[in-house]
Novice: 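Attaching a single structure in structure tokens format; questions to follow.
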Amino acid sequence: MMGKLAARSLRYRIGGFTATFLALFIGATLVMACGGLMETGIRNNVPPQRLAGAQILVTGDRTHVVQTGKKHKKKTTTLPERVGLPAESADKVRAVPGVRTAVGERTFDAAVLGGGEPAKAEAHGWESAALTPYALSSGRAPAGGEVVLDAGLARRAGVGTGDRVRIVAHGGSAEYRVSGVATAQNVPRPTLFFSASDAAALSGRADSVADIAVTLAPGADPGTVRKGVAEALAGLPVTLLTGDDRGAVEHPEVLQGGEDLIALSGAVGGLVVLVAAFVVAGTVALSAQQRSRELALLRAIGASPRQLRRMLLGETLMVMAFAAAAAWPAGPVAGRWLYDTLVDSGMIAETVEFSQGWIPAMPAYGALLLTAVAGGLLGSARAVKAKPVEALGEAAVQKDRLHPVHVVAGLLFLAGTAALTLVTSLVLHGPMAASTAGPTVMCCAIALALLGPWFTKAVTVLLHWPVRLLTGAPGRLAALNCRARAARMAAVATPVMLASGIATGMLYLQTTTAAATDKAFTENLRADAVITSAAGGVDPALLGRVRALPGVTAASAYVTGTGYTEPHDSDEPKKGLPLQGVSADGVAQTLAITPSAGSLTALRGAAVALPESVAHRIHRGVGDAMRLQLGDGAVVDVRVVALFKGREGFETALTSAELLAPHTTTGLPTQILVRGGTGADLAAAVGPGMKISGRDAVTAAHAHDSRTQASVNYLIIAMLVGYTVLSVVNTTAVAVGSRKGEFALQRLTGATRGQVLRMMTVEGALVAVVGLLLGTVAAATTLVPFGMAVSGSWLPSGPASIFVTVVASGLGVTLIATLVPAWVALRSRPVEAAGV
């Protein structure tokens, strides 16, 4: 019976059900899109391109297992640097039955000079060209002192077969004769090839190879060959890849990118489900309030609360079915759009294959069902609980009682907000505080949404008299309407609070983090100039030439990496300890680091200088020995030579550049930091292919990179805010559109259309102000403790225009959503509207 009644209700309440449909449809679409991103991250398919001809690829194992000292817990992460293989491993693989060829690949960065800006490229030995395959369009294979360029590089450099071209590689540059030009299909990266001997020398690792590309003999069984290769390399940390997994060898950055994508999609999907539940609950609650007389009559003639709840829930589930059908084609489209956006931002490599099958639809539909049921139950809880005798009275005079479940849940979320605030401000420091600061604003927003009528009524009471004094008769009537309809006003103000709280809190979290990161980088850099190479690495021999220049007071090599302390007697962060490799003779003048114990001049060879907080955590002091696992998996024993007070939240240990650089993918220092000297002298000393940047240019580039990385977070914020803004429009339009009879009575008693519109303008502004104030409170619970943890300031860093824009947008959206339905309602003749 109630199912039939629910089905018939859909025909006559198109407005309210449309709002619920949009909330469910967009929520399901976003969750399905996030599911597609998660599937993409889990599969992490990167079809091979340059190595497409190899059936099996052997590469160094980059899996890193961290054994913590707390209950022997283990954490697994991906080593950040490429793990090389011994060069003789190729001979062992070549001897396996069924292997036709086994090419030990050498891969390193290079840059071709000429034709304007240096053209960056990936360099290899010519023996790997057949794996793509590359075909010579002119010339021949390279011998010593020669190079083969792909056609794109040759055009950009303006050279052809027989010409000479200068190439930067492994920290230096030299002229090579172009022995040939090669072409291939579907290889996006510019590529060039040296002879085997030149490639071994320029890679900087003559005794190791980046990977081994295996082709099979005709008729060989891939499984048997793979097993044989694994047995031949037993004892070496290797990974054997086949199929689309082979692309990870060409693009090693996708391994870490896959982990980040899984975490991002999971977090965003969870937030969307949470916001959707409140959006749907608010829409259903508002619809139930508008139908209070109908529900009261049903209660008065004998309908039980269970029957009414089943009817309202049935209506929501019917709308959910339509939303699910519409989300099926829309989800993959939204997922592809998000994927393309993340590729443009640099978070996902463009070579990762977007994957969205039927699997993401299942959790999306599960979340849709959960959202519909939870939202329907929460929204209808109060409407179905009225006693039969009181039901008709409640239909005429709305009461502001909160359901006990709402009260208990709201108080629990308030307690959670207080706990997260304390943890953010007192326990965590620096960017790590964002891990609890982000959830704090959501926790507070949920509490305010659950206890909405209480807080809305309190704020309305405070604003009542100022509104009446400033706006005259329309304002007085609007203020009285808001006080009399606190529950209905809370339903409209809640999405305003959610949108403004999320936008203000999340945006200022990003700007505060970026400002703190930029400040830490700028304050730590004392160098007047920074020398870099077009090919990624700087020749260590250049350091001595720079130091010898007149006016140069200090110079230091510089390279960054990651280390993992052993034994793991602390609950070390998953991503390890950031390391900076420097030169002992120049670090004190080029970086703002003052030791509190020991000396930085001892930072030579197997030595490390630790921030005091890290030293305390791992129980090490000056003179102590410790074991450090570096980014390529190598384990080294080092001695602590100095301690220094690191910036909280930005702790980075120092090692010698000669220790750290060989264990990075580049194998060289990436920069030379220079104090003093003139630009002309430096330019004359560094040679072609090198770039000299002033301090201001370096800090500006760092700030630009920080904001580029944050663009992903801005996309997430835009999605959530856009969804809640839709809720603002939905709830406001439904609430105002149902007051046609009230407006007609006002006009029949002498009010003009303009007076009613002015009253609704004040009422809409009052609702917006209430929502914005509560949203500001929710944002403050995050921003105040986070600001104290990161910068020591109660105020967040960032332009005031962010807050002004949020306030103006919230006010503008609410007024438009209020006045447009009111104007439409006032177009009807008062007598006819009153009759309806």
Side-chain angles (χ1 to χ4, degrees), residues 425 428-434 437 508-532 552-562 573 577-601 603 608-616 642-655 657 660 669-677 692-710 783 786-799:
S425 58
L428 300 177
H429 302 285
M432 284 294 295
Y508 276 117
L509 277 179
Q510 298 305 313
T511 57
T512 301
T513 301
T517 303
D518 294 344
K519 183 178 180 182
F521 179 83
T522 303
E523 290 181 349
N524 187 53
L525 183 65
R526 287 181 175 173
D528 299 316
V530 176
I531 301 173
T532 56
V552 173
T553 58
S556 171
Y558 182 85
V559 62
T560 59
T562 304
L577 177 65
L579 300 176
Q580 293 178 346
V582 295
S583 303
D585 292 334
V587 59
Q589 293 81 20
T590 54
L591 295 179
I593 296 176
T594 303
S596 57
S599 173
L600 296 180
T601 57
L603 202 61
V608 64
L610 297 175
E612 292 176 351
S613 58
V614 175
H616 176 74
L643 301 179
F644 60 92
K645 186 173 179 60
R647 187 180 180 90
E648 287 187 327
F650 300 89
E651 290 89 351
T652 301
L654 300 180
T655 67
L660 183 59
T670 55
Q671 297 175 343
I672 293 179
L673 309 181
V674 183
R675 187 74 181 269
I692 302 171
S693 303
R695 174 186 171 86
D696 293 341
V698 172
T699 55
H702 179 271
H704 179 268
D705 291 342
S706 298
R707 281 149 183 77
T708 300
Q709 295 172 6
L783 297 177
F786 183 70
M788 292 298 297
V790 172
S791 60
S793 171
W794 293 91
L795 294 175
S797 301

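Quick caveat, the model's predicted, so the values are computed rather than measured. What's counted below: heavy atoms across the whole structure, side chains too, no hydrogens, waters or symmetry copies. Throughout, numbering of the chain's residues begins at 1 and tracks the sequence.
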Novice: Residues two or more places apart in sequence or in another chain: which of them pass side-chain hydrogen bond (donor to acceptor under 3.5 Å, both in side chains) with Thr601?
Specialist: Ser599

Novice: Ignoring hydrogens and angles, tell me if any N or O in the side chain of Ser583 forms a donor-acceptor pair with the backbone of Ala557 under 3.5 Å.
Specialist: yes

Novice: Which pair of heavy atoms, one from Ala609 and one from Leu603, lies closest together, and at what distance?
Specialist: N-CD1, 3.7 Å

Novice: Using a 3.5 Å cut-off and no angle test, enumerate the donor-acceptor pairs between side-chain atoms of residues 522-531 and protein atoms at least two apart in sequence or in another chain.
Specialist:
unit_1 : atom_1 : unit_2 : atom_2 : d
Thr522 : OG1    : Asp518 : O      : 2.8
Glu523 : OE1    : Arg647 : NH1    : 3.1
Arg526 : NH1    : Ala588 : O      : 3.2
Asp528 : OD2    : Gly676 : N      : 2.8

Novice: Output the distance between atom CZ (Phe644) and atom CG (Leu610), rounded to the nearest 0.5 Å.
Specialist: 7.5 Å

Novice: Has Thr512 got a side-chain atom pairing as donor or acceptor with Ser797's backbone, closer than 3.5 angstrom?
Specialist: yes

Novice: Listed by chain and number, what are the side-chain hydrogen bond (donor to acceptor under 3.5 Å, both in side chains) partners of Gln580, not counting sequence neighbours?
Specialist: Tyr558

Novice: Which pair of non-hydrogen atoms, one from Gly598 and one from Pro595, has the smallest distance, and what is that distance?
Specialist: O-CB, 3.9 Å

Novice: Could you give the distance from CG (Leu579) to OG1 (Thr562), rounded to the nearest 0.5 Å?
Specialist: 6.5 Å

Novice: Apply side-chain contact (heavy atoms from CB on, under 4.5 Å) to the pair Thr670 and Thr532, showing each step before the final yes or no.
Specialist: CA-CA 6 Å; Thr670 55; Thr532 56; over 6 Å; no

Novice: Between CG of Leu783 and CG of Leu795, what distance do you get to the nearest 0.5 Å?
Specialist: 9.5 Å

Novice: Side chains of Thr553 and Gln589: is there a donor and an acceptor less than 3.5 Å apart?
Specialist: no

Novice: With Leu600, which of Asp585, Leu591, Val587 fulfils side chain to side chain contact (heavy atoms under 4.5 Å, CB included)?
Specialist: Val587

Novice: Would you give the length of the straight line joining atom CD1 of Ile672 to atom OG1 of Thr590, rounded to the nearest 0.5 angstrom?
Specialist: 11.0 Å

Novice: How close do Ala653 and Leu577 get, heavy atom to heavy atom, and via which atoms?
Specialist: CB-CD2, 3.8 Å

